[in-house]
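Just so you know, these numbers use all the heavy atoms, side chains as well, and skip hydrogens, waters and symmetry mates.
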Amino acid sequence: MSKIQQVINERILVLDGAMGTMLQRHNFSEEDFRGERFKDFPHSLKGNNDLLSITQPEAVKGVHRQYFAAGADIVETNTFSGTTIGMADYHLEDLVYELNYESAKIAREVADEFTDRPRFVAGSIGPTNRTASMSPDVNDPGYRAVTFDDLLIAYKEQVKALIDGGVDILLVETIFDTLNAKAALYAIEEVKDELGIDIPIMVSGTITDASGRTLSGQTVEAFLISISHIPLLSVGFNCALGADQLKPYLKRLAHNTTLNISAHPNAGLPNAFGEYDQTPAEMQQLIKEYLDDNLINIIGGCCGTTPEHIKLIAEVSKQYKPRPLTPEGGTELHSNEEVLSQNRAF
């Protein structure tokens, strides 16, 4: 049993908040993103937050440090877009291994500064900016911008680098297309076999709107069944919705699984300027409702959340025990036939 599996049986674990929200506070310029190393790079690099692990490592370390100081048990590496597919937008495909390795190393160094209790590093594996299940061209429904094999190759490189850099967990997150996620999970299993290791895996999907489905059209139950063949530390949801909008879908998840459940919602919904206005105190009250209903084992924040949000979430989480690992009400998982019927009705 891994260390984190032992700890999660004892208490609710707190995940960090948004990396992008914190890095934006620095107002980095194009020159800051480039640093000395990429001073003469022929393409724009502004906005490539993953690159900051190389060009502004102290800033990234500072974010990790603030989240741990606020009470986080787990921080995510600065690698959300760290695949050749994501880096193609910046013409930095050749830098993928180094980006992930350095990001993991930075987070590991900061985690090791905190010796009061176990602190963990989760390798953040994002969904990429392409979808394997749907065509981006309305005039050609059969077209795909990426294949399963493309994703598999890209994810394997990222996974190897994260493991080499010292992560404790791999977090496949913000899943809008479960086929993309299955490629990531298959890549992880292949790397585990090749290296002869085991490493805990967290999976976190994204319910995109009030339909209660992922972007590729899956219900909560269908999403759960699609990934249930892989041994997981946890399953949950993040992004797109605030804590109040996310709650009904976490309830459905809790009703159908004996896995640990994670959640890292946004700080409410974005305003007209794309900013998040939900205060730490407001978010803490909503998270308290999760805890009152025994919905979660791991809790954190996504877009718009800060160390101030995480501090209050950590404070309230200490007052509760983890969700017991039995389906709510003792019910069984829905059958594949039931799930298929739900999807056909969509």
Quiz prompt | Residues K321 and E10 bridged, charged N to O under 4.0 Å | solution = no
Quiz prompt | S103/S53 under side chain to side chain donor-acceptor pair (under 3.5 Å): CA gap, chis, key distance, verdict | solution = CA-CA 5 Å; S103 294; S53 294; 2.7 Å; yes
Quiz item: Counting only N and O atoms by type, is there a donor-acceptor contact under 3.5 Å from the side chain of D16 to the main-chain atoms of E76?
Solution: yes
Practice problem: Give a yes or no on whether the backbone of P141 and the side-chain of R144 come within a donor-acceptor separation of less than 3.5 Å. | Solution: yes
Practice problem: Run through E30, E31, E36 and flag the one making a salt bridge (charged side-chain N to carboxylate O under 4.0 Å, His left out) with R34. | Solution: E30
Quiz item: If only atom types and distance count, is the side chain of Y249 paired as donor or acceptor with the main-chain N or O of G236 below 3.5 Å?
Solution: no
Quiz item: Can we call the ring centroids of F223 and F237 under 6.0 Å apart?
Solution: yes
Quiz item: Counting distance only, does the side-chain N/O of N180 pair as donor-acceptor with the main-chain N or O of P127 below 3.5 Å?
Solution: yes
Quiz item: Rounded to the nearest 0.5 Å, how far apart are CD1 of I227 and NE2 of H229?
Solution: 9.0 Å
Practice problem: On the 0 to 90° scale, with breaks at 30° and 60°, tag the H26-F28 ring pair as parallel, tilted or perpendicular. | Solution: parallel
Quiz item: Going by distance alone, is a donor N or O of one side chain under 3.5 Å from an acceptor N or O of the other, for D177 and T131?
Solution: yes
Quiz prompt | Lys/Arg-Asp/Glu bridge criterion (N-O < 4.0 Å) met for K46, D32 | solution = no
Quiz item: Roughly how far, to the nearest 0.5 Å, is the CD atom of Q158 from the CG atom of D50?
Solution: 8.0 Å
Quiz item: Is a side-chain donor or acceptor of N266 paired with a backbone partner of L269 at a separation under 3.5 angstrom?
Solution: no
Practice problem: For atom CG of D209, decide whether the heavy atoms of other residues, nucleotides or ligands shown that lie under 6.0 angstrom number more than 12. | Solution: yes
Quiz item: With ILVMFWY side chains joined below 4.5 Å, transitively, what does I169's cluster contain besides itself?
Solution: I4, V7, I8, L13, L15, I74, F120, L171, M202, L233, I298
Self-check item: Same cluster (ILVMFWY, side-chain, under 4.5 Å), V63 and L312
Solution: no
Exercise. State whether the side chain of T206 and the backbone N or O of C239 hold a donor-acceptor pair below 3.5 Å, judged by distance alone.
Key: no
Practice problem: Evaluate the criterion side chain to side chain contact (heavy atoms under 4.5 Å, CB included) for residue pair K192 and D198; output intermediate values, then yes/no. | Solution: CA-CA 6 Å; K192 284 165 59 177; D198 195 14; 3.1 Å; yes
Practice problem: Please report the shortest heavy-atom distance between L99 and T79, naming the atom on each side. | Solution: O-CG2, 4.3 Å
Exercise. Look up atom CZ in R323 and atom CG in L259, then write down how far apart they are to the nearest 0.5 Å.
Key: 8.0 Å
Practice problem: Verify side chain to side chain donor-acceptor pair (under 3.5 Å) between T147 and D149, making sure each step is shown before the conclusion. | Solution: CA-CA 5 Å; T147 67; D149 287 342; 5.4 Å; no
Quiz item: If Ile, Leu, Val, Met, Phe, Trp and Tyr residues are connected whenever their side-chain heavy atoms lie under 4.5 Å apart, and connections chain through other members, are I85 and M134 in the same group?
Solution: no
Quiz item: Is atom CZ of F148 surrounded by more than 12 heavy atoms (other residues, nucleotides or ligands) closer than 6.0 Å?
Solution: yes
Quiz item: Between D73 and R11, does at least one N-O distance fall below 4.0 Å, as a salt bridge requires?
Solution: yes
Quiz item: Is there side-chain contact between D164 and K105, with heavy atoms separated by less than 4.5 Å?
Solution: no
Practice problem: Evaluate the side-chain proximity of S124 to L162: yes if any heavy-atom separation is below 4.5 Å, no if none is. | Solution: no
Exercise. Applying side chain to side chain contact (heavy atoms under 4.5 Å, CB included), run through T306 and R25 and close with a yes or a no.
Key: CA-CA 11 Å; T306 66; R25 291 181 171 183; 3.3 Å; yes
Quiz item: Would you say the side chain of Y155 lies within less than 4.5 Å of the side chain of T128, judging by non-hydrogen atoms?
Solution: yes
Quiz item: For the side chain of H309 and the backbone of Q284, is there at least one donor-acceptor N/O pair under 3.5 Å apart?
Solution: no
Self-check item: H264 and I299: CA distance, side-chain angles, deciding distance, side chain to side chain contact (heavy atoms under 4.5 Å, CB included) verdict
Solution: CA-CA 6 Å; H264 48 298; I299 183 66; over 6 Å; no
Quiz item: Between V60, N100, I106, which is the residue that forms a side-chain contact (heavy atoms from CB on, under 4.5 Å) with N78?
Solution: V60
Exercise. Verify, without hydrogens or angle tests, whether S204 (side chain) and E173 (backbone) share a donor-acceptor contact under 3.5 angstrom.
Key: no
Practice problem: Return the minimal non-hydrogen interatomic distance between G301 and I310, and the atom names on each side. | Solution: N-CD1, 3.8 Å
Quiz item: For the atom pair CD (E98) and CG (L92), what is the distance rounded to the nearest 0.5 Å?
Solution: 10.5 Å
Quiz item: Would you call D112-R108 a salt bridge at under 4.0 Å N-O?
Solution: yes
Quiz prompt | From CD1 (I54) to CG (N48), nearest 0.5 Å | solution = 9.0 Å
Exercise. Considering non-hydrogen atoms only, spot the tightest contact between A314 and V14 and give its length.
Key: CA-CG2, 3.9 Å
Exercise. Check whether any side-chain heavy atom of V203 sits under 4.5 Å from a side-chain heavy atom of I175, and report yes or no.
Key: yes
Practice problem: Output the distance between atom OG1 (T174) and atom CG (L215), rounded to the nearest 0.5 Å. | Solution: 12.5 Å
Quiz item: Would you find a donor on one side and an acceptor on the other, under 3.5 Å apart, between the side chain of T305 and the backbone of C302?
Solution: yes
Exercise. Side-chain contact test, heavy atoms from C-beta onward, threshold under 4.5 Å: evaluate it for Q56 versus K61 and give yes or no.
Key: no
Quiz item: For the side chain of S317 and the backbone of I313, is there at least one donor-acceptor N/O pair under 3.5 Å apart?
Solution: yes
Quiz item: Do you know which two heavy atoms are closest between T214 and I207, and how far apart they sit?
Solution: N-CD1, 4.3 Å
Quiz prompt | Greater than 12 external heavy atoms within 6.0 Å of K311's NZ | solution = no
Self-check item: Non-hydrogen side-chain atoms of S216 and F176 separated by less than 4.5 Å
Solution: no
Quiz prompt | Test side chain to side chain donor-acceptor pair (under 3.5 Å) applied to T21 and Q24, step by step | solution = CA-CA 5 Å; T21 298; Q24 286 169 13; 5.3 Å; no
Quiz item: Which heavy-atom pair separates T84 from E93 by the least distance, and what is that distance?
Solution: O-CG, 3.4 Å
Exercise. For residues 67-96, pull every pair meeting ring-ring contact (aromatic ring centres under 6.0 Å, His included), keeping only residues two or more places apart or in separate chains.
Key: H43-H91, F68-F114
Quiz item: Do you reckon L232 sits in the same ILVMFWY cluster as L179, going by side-chain contacts under 4.5 Å, direct or chained?
Solution: no
Quiz prompt | Audit row: Y276, C303, side chain to side chain contact (heavy atoms under 4.5 Å, CB included) steps and yes/no | solution = CA-CA 8 Å; Y276 294 86; C303 303; 3.6 Å; yes
Quiz item: Do the side chains of L195 and L170 join up, straight or via other hydrophobic residues, at under 4.5 Å, putting them in one cluster?
Solution: yes
Quiz item: Going hydrophobic residue to hydrophobic residue with side-chain gaps under 4.5 angstrom, can you get from V191 over to I188?
Solution: yes
Quiz prompt | Test item: L295 and K251 side chains (from C-beta on) under 4.5 Å apart, heavy atoms | solution = yes
Quiz item: Looking at T83 and A154, what are the two nearest heavy atoms and their distance?
Solution: CB-CB, 4.1 Å
Quiz prompt | Note, N238 side chain near L246 side chain (heavy atom, < 4.5 Å) | solution = no
